[in-house]
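We name chains A, B, ... by the order of the sequence lines, and we start the count at 1 in each one. For the numbers below, each heavy atom of this structure counts, side chains included, while hydrogens, waters and symmetry mates do not.
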There are 2 protein chains.
Amino acid sequence: MSLREKKKQDTRNRIFEVSGKLFKDKGFENTTVDEITKEAGIAKGTFFNYFPTKESLLCYFKEHKEAFIFSIMENQMSLNAPVKEKIKNFLVLVAEYYEKDKELLKLLFFEHKRLIMSSDQQSTEKKQRHQRQERFINMLSVFLREGVDKGEIKKGIDLKIASESLNAIYFHSLIIWLHSDTDSSFSRDMSAKIDIIFEGIGV
Amino acid sequence: MSLREKKKQDTRNRIFEVSGKLFKDKGFENTTVDEITKEAGIAKGTFFNYFPTKESLLCYFKEHKEAFIFSIMENQMSLNAPVKEKIKNFLVLVAEYYEKDKELLKLLFFEHKRLIMSSDQQSTEKKQRHQRQERFINMLSVFLREGVDKGEIKKGIDLKIASESLNAIYFHSLIIWLHSDTDSSFSRDMSAKIDIIFEGIGV
DNA sequence: GACCAAATATGACCGCAGTCATAAATGACC
DNA sequence: GGTCATTTATGACTGCGGTCATATTTGGTC
């Protein structure tokens, strides 16, 4: 690695670390780019050579988290257990992982939303996000297909719709939990809703 | 109504109208408070006497929309039909109503999120939102209870969890649809997912 | 080392959301 | 209609995110 690339990586990492620390300390809104750059020992303009906006930093934090989640998922998939349990375990593991750092997650989730919207249609960020979303749903689909094969899930079900429904439950529980001030359990709530998806409410 | 109150209402309405027009024309981000106030014939500071932030305007737009939705819901509730149909009809009506004005809704939904997060814990806005959410879920609960009474829904079901699941499906379909560039149908997607909630995917 | 092109860093500068001290308008009371 | 307290309007000002023309650093070539 050339000196140039080394320095580049260095600067990028320093911005990343410093901003992560400051966001946790003082919150996203209360941290200025000036502070970040001062703390990181660079000029303000330099920041924008690395990250197009202050908010875009959050994307990178989010990617970090999501990489970890996919690794959990792949672990679960290789286990030998009833599909319902595997899905539940997977989503509960994700939930528990999130529960560790609610505040940062709030930032990531909600600030991120705005970013998604303001970015133009062609933006790679938007496409990437879409891909991640699809990957998530596809993996849930794989779980479900296995369930069909093992006779644990009805044959006629549209797996895409079903996976999206699971995804919906998951995200909604997440949002509810993020909004709640009390420490109601994300994982318990979600678990109950997965039961509903499996068993249905109709007679 | 005194002259003072009259003028106040007038100014408030003018800001509301002008900003709605400008947001639709040029988008939320591209509309400045300066423009709004100039168009409305007031000074910039005056704007902030009526709305604490530019984003807070979106809340008021949203309230408008939501009032309408609750009225649809109450209509549906009084009908005589299978509960599943009533819920479906209700949610599809909401969906169709939304489909009319996707762009504004995007603004309302996503920009709004950020607002929610940045507002402090005690804020009335946050409480109000929570109440609306609860009201929505409670009304779904009423539908479901009727279903239980009429023998259309299993007896053992936790109605709160079930309502929240329906709510989750609804919101998720909404989000997916808002993100999609293509005009995939929000209402059709949601309808399929409601079937899943009723029938379950397990054998 | 001298020279050059490309990559990277810099900070003065700009536009906009939001503030605040001050001014104007209103209505109650005499 | 004069006086005064309260409410509402005003726009210069501040702070921050983001830009851009310019300066500096890097690494290849001789």
Side-chain angles (χ1 to χ4, degrees), chain A residues 1-16 18-19 22-23 25-61 107 111-120 123 125, chain B residues 1-16 18-19 22-23 25-61 107 111-120 123 125:
Chain A
M1 186 187 285
S2 69
L3 171 58
R4 201 169 250 173
E5 270 185 87
K6 206 187 181 89
K7 277 198 172 183
K8 218 168 140 182
Q9 272 305 323
D10 243 47
T11 304
R12 172 176 285 275
N13 288 340
R14 214 158 55 252
I15 294 175
F16 214 70
V18 166
S19 58
L22 288 175
F23 290 167
D25 274 13
K26 331 179 22 179
F28 179 78
E29 302 282 356
N30 300 323
T31 303
T32 68
V33 175
D34 262 320
E35 284 174 305
I36 295 172
T37 53
K38 218 156 267 176
E39 189 81 12
I42 55 173
K44 189 176 176 183
T46 307
F47 176 92
F48 294 97
N49 290 340
Y50 289 87
F51 301 93
T53 65
K54 181 179 141 187
E55 285 189 341
S56 72
L57 263 174
L58 294 174
C59 289
Y60 296 90
F61 282 115
L107 275 176
E111 295 289 343
H112 199 66
K113 282 272 171 245
R114 207 176 84 108
L115 188 60
I116 295 158
M117 294 317 296
S118 57
S119 65
D120 58 315
S123 87
E125 163 55 28
Chain B
M1 188 187 285
S2 68
L3 172 57
R4 198 170 252 169
E5 270 184 89
K6 206 187 183 92
K7 277 198 171 182
K8 218 167 137 182
Q9 271 304 324
D10 242 48
T11 304
R12 170 175 287 272
N13 289 340
R14 215 160 53 254
I15 294 175
F16 214 71
V18 165
S19 58
L22 288 175
F23 290 167
D25 275 13
K26 333 180 22 180
F28 179 76
E29 301 281 357
N30 299 323
T31 304
T32 67
V33 175
D34 261 321
E35 285 174 304
I36 295 172
T37 53
K38 217 157 265 175
E39 189 81 13
I42 54 174
K44 189 177 178 183
T46 307
F47 177 92
F48 294 98
N49 290 340
Y50 288 88
F51 301 93
T53 66
K54 182 178 142 186
E55 285 189 339
S56 72
L57 262 174
L58 295 173
C59 287
Y60 295 90
F61 282 115
L107 276 175
E111 295 288 344
H112 198 67
K113 281 274 172 244
R114 208 176 83 107
L115 188 62
I116 295 158
M117 293 318 295
S118 57
S119 65
D120 58 314
S123 88
E125 163 54 27

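Residue contacts shown for T46(B) include a base, since a base heavy atom lies under 4.0 Å away. At the heavy-atom level, T37(A) lies nowhere under 4.0 Å from the strands shown. In this structure, Y50(A) reaches the sugar-phosphate backbone alone: every heavy-atom distance under 4.0 Å involves primed, P, OP1 or OP2 atoms, never a base.
Distance N30(B) CG to dG15(C) C1': 13 Å, rounded to the nearest Å. Taking atom NZ of K38(A) as the reference point, atom P of dT10(C) lies 13 Å away to the nearest angstrom. Computed from coordinates, the I15(A) CD1 to dG18(D) P distance equals 14 Å when rounded to whole Å. Atom C1' of nucleotide dT26(D) and atom NZ of K8(A) are separated by 12 Å, given to the nearest angstrom. Between E29(A) atom CD and dG17(D) atom P the separation is 9 Å, expressed in whole Å. For the pair Q9(A) CD and dT8(C) P, the computed distance is 11 Å after rounding to whole Å. Counting to the nearest Å, the C1' atom of dA17(C) and the CG atom of L57(B) are 13 Å from each other. In this structure, the NZ atom of K6(B) is 13 Å from the P atom of dT26(C), given to the nearest Å.
Between K54(B) and dC16(C) there is no side-chain N or O to OP1 or OP2 distance below 4.0 Å.
Comparing G45(B) and R4(B) against DNA chain C, the residue whose closest nucleotide sits nearer the 5' end is G45(B). Residue-to-nucleotide proximity on DNA chain C shows that, of N49(B) and D34(B), the 5′-proximal contact is made by D34(B).
Of the listed nucleotides (dA17(C), dG18(D), dT8(C)), dG18(D) has the atom at the smallest distance from the side chain of K44(A). Nearest nucleotide to the side chain of S2(A), out of dT26(D), dG27(D), dA9(C): dG27(D). The listed nucleotides are dC16(C), dA9(C), dG18(D); the one nearest the side chain of T32(B) is dC16(C). Distance from the side chain of V33(A) is smallest for dG17(D) among the nucleotides dG18(C), dG17(D), dT26(D).
Counting all heavy atoms, side chain and backbone alike, T31(B) lies closest to K26(B) at OG1-CB, 4.0 Å. The shortest heavy-atom contact between S19(B) and F16(B) is OG-O, 3.1 Å.
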For a side-chain contact (heavy atoms from CB on, under 4.5 Å) check, start with the C-alpha distance between F47(A) and L57(A), then their side-chain angles and the critical distance, and finish with the verdict.
CA-CA 10 Å; F47(A) 176 92; L57(A) 263 174; 3.8 Å; yes
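Side chains of I42(A) and I15(A) form a contact here, defined as non-hydrogen atoms less than 4.5 Å apart. The side-chain heavy atoms of I36(A) and L22(A), taken from C-beta on, include a pair separated by under 4.5 Å.
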